[in-house]
Student: 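Dumping the structure here so I can ask a few things about it.
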Amino acid sequence: KREADKIQVAELPNKCPRRAPSLRTDPALYSGPFPSYRRPSELGCFSLDAQRQYHGDARALRYYSPPPINGPGPNFDLRDGYVDRYQPRDEEIREGLDHLLRWLLEHRGQLEGGPGWLAGATVTWRGHLTKLLTTPYERQEGWQLAASRFQGTLYLSEVETPAARAQRLARPPLLRELMYMGYKFEHYMCADKPGGSPDPTREVNTNEGFCSVLRSRLGSHPLLFSGEVDCTDPHAPSKQPPACYVELKTTKEMHSAGHWRTFYRHKLLKWWAQSFLLGVPNVIAGFRNPEGLISSLKTFPTMEMFENVRNDRDGWNPSVCMNFCAAFLSFAQNTVVQDDPRLVHLFSWDPGSPVTVSVHRDAPYAFLPTWYVEAMSQ
Ligand code: A3P
Ligand code: MG
Ligand code: MG
């Protein structure tokens, strides 16, 4: 009998019959050719207003309005208005996929791709995909993604890790101000109407946001995802979204080749992943000095970002990012077999470890709301 056991065990690929499935994240495992990624096309959009209320239109979209090229350089005081003209979003409210699900419910009859397309798709936020793309290179922050299959579709919704929650609740005052400054930059660079001028006296309310809903495909995985878009450029060469969209970022002024190297290796990877997924062609960076002033701007074309690390042994590789994301989607599709909106497979990852899975039912992990499940079942 013992001999027979040995043979059985030896015939299993990793000699470990009961080990739960997991997914490794080492960059070296994903360095194949770049997988196919369908050019993202916009299916629609929605807006969230100052009270965080959903509107199925583009009312929160803002218009890129940089300072004149021939005029004096920018001199934006990012700390202006902090804290008296600041209405931060309540981060205790867990929205999950709710706004995206509302859009999907209202548009499920008009989806392109034919009947059955949605049943084969993965639905999530762009921000969750960004985290997947950067996972092979991430050394600081882990993540948890809850997954449920319903009517064939795989839904992925992030769960705040206990570590992230603790960090958020203990966020130091300087970091809070830095967060404000990122949003304030948008107010200096955008107008409410095409051809209008920015109004930096306006209150910064981070409840407001414009979200684009897109269709794409990574390898064999059809995707429907939504992401927040900072603004649209009325003078962009292509008027067609997402090619007209612009991503705004602030970053520290750099003073040495070493600073630039570090920036290329870490921050630019996140900028690339975020904008590449959605098809945003350009990121406009504002460089902030220690006093919180923006005195210069620089355009980083998304498709040229990789050039800065192509010859860097400690750089990142877009193929690794996309291959890992495709592998995760396959892993999730193969793991979440049962079609049940109350069942959750929780994918957890910490830097230095593989992605692991645990199974849960109902609260607190189930995230597909009853109103969605019932309306979709009509
Ligand atoms: P920065 O552009 O200076 O990073 P986004 O760039 O994605 O449009 O986000 C706008 C701003 O939101 C950021 O400005 C930053 O201030 C804040 N922000 C976004 N993600 C954040 C995060 N994970 N932690 C802290 N602040 C964040
Ligand atoms: Mg934004
Ligand atoms: Mg931005």
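Remember, it's 1-based here, ligands and their atoms both numbered in the order they're listed. Because only heavy atoms are used, hydrogens play no part in the values below, and waters and symmetry mates are left out as well, while side chains stay in.
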Student: What atoms of ligand 1 come within less than 4.0 Å of a heavy atom belonging to T250?
Tutor: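 Answer for ligand 1: 1 (P), 2 (O), 3 (O).
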Student: Of all the non-hydrogen atoms in the protein, which one sits nearest to atom 26 (N) of ligand 1, and at what distance?
Tutor: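 For this ligand atom, the closest protein heavy atom is M179 CG, 3.1 Å.
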Student: Show me which atoms of ligand 1 lie under 4.0 Å from any heavy atom of L248.
Tutor: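 Those of ligand 1 that fall under 4.0 Å from L248 are 2 (O), 6 (O).
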Student: The Mg ion (ligand 3) and E247: any N/O/S contact shorter than 2.8 Å?
Tutor: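 Yes, E247 qualifies, because one of its backbone or side-chain N, O or S atoms lies under 2.8 Å.
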Student: Is the closest heavy atom of Q274 to ligand 1 under 4.0 Å?
Tutor: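 Yes, Q274 has heavy atoms under 4.0 Å from ligand 1.
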Student: Verify whether one side chain among Q333 and T122 offers a donor that lies under 3.5 Å from an acceptor in the other.
Tutor: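 Side-chain D/A pair, Q333 to T122: present.
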Student: Does T251 have a non-hydrogen atom less than 4.0 Å from ligand 1?
Tutor: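 No; T251 lies far enough from ligand 1 that no heavy-atom distance drops under 4.0 Å.
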Student: Find all atoms of ligand 1 within a distance of less than 4.0 Å from any non-hydrogen atom belonging to G182, and give their numbers and elements.
Tutor: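 Near G182, meaning under 4.0 Å from one of its heavy atoms, ligand 1 has 3 (O), 14 (O), 16 (O).
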Student: If you check every N/O/S atom of D230, which is the one nearest the Mg ion (ligand 3)?
Tutor: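 The atom in question is OD2.
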Student: Please confirm whether E228 approaches ligand 1 to less than 4.0 Å, judged on its heavy atoms.
Tutor: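 Not so, E228 does not reach ligand 1.
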Student: Is the distance from the Mg ion (ligand 3) to the nearest N/O/S atom of V283 under 2.8 Å?
Tutor: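 It does not; every qualifying atom lies at 2.8 Å or beyond.
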Student: Do we see a donor-acceptor contact under 3.5 Å between the side chains of R38 and S41?
Tutor: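 On atom types as modelled, these side chains qualify, holding a pair under 3.5 Å.
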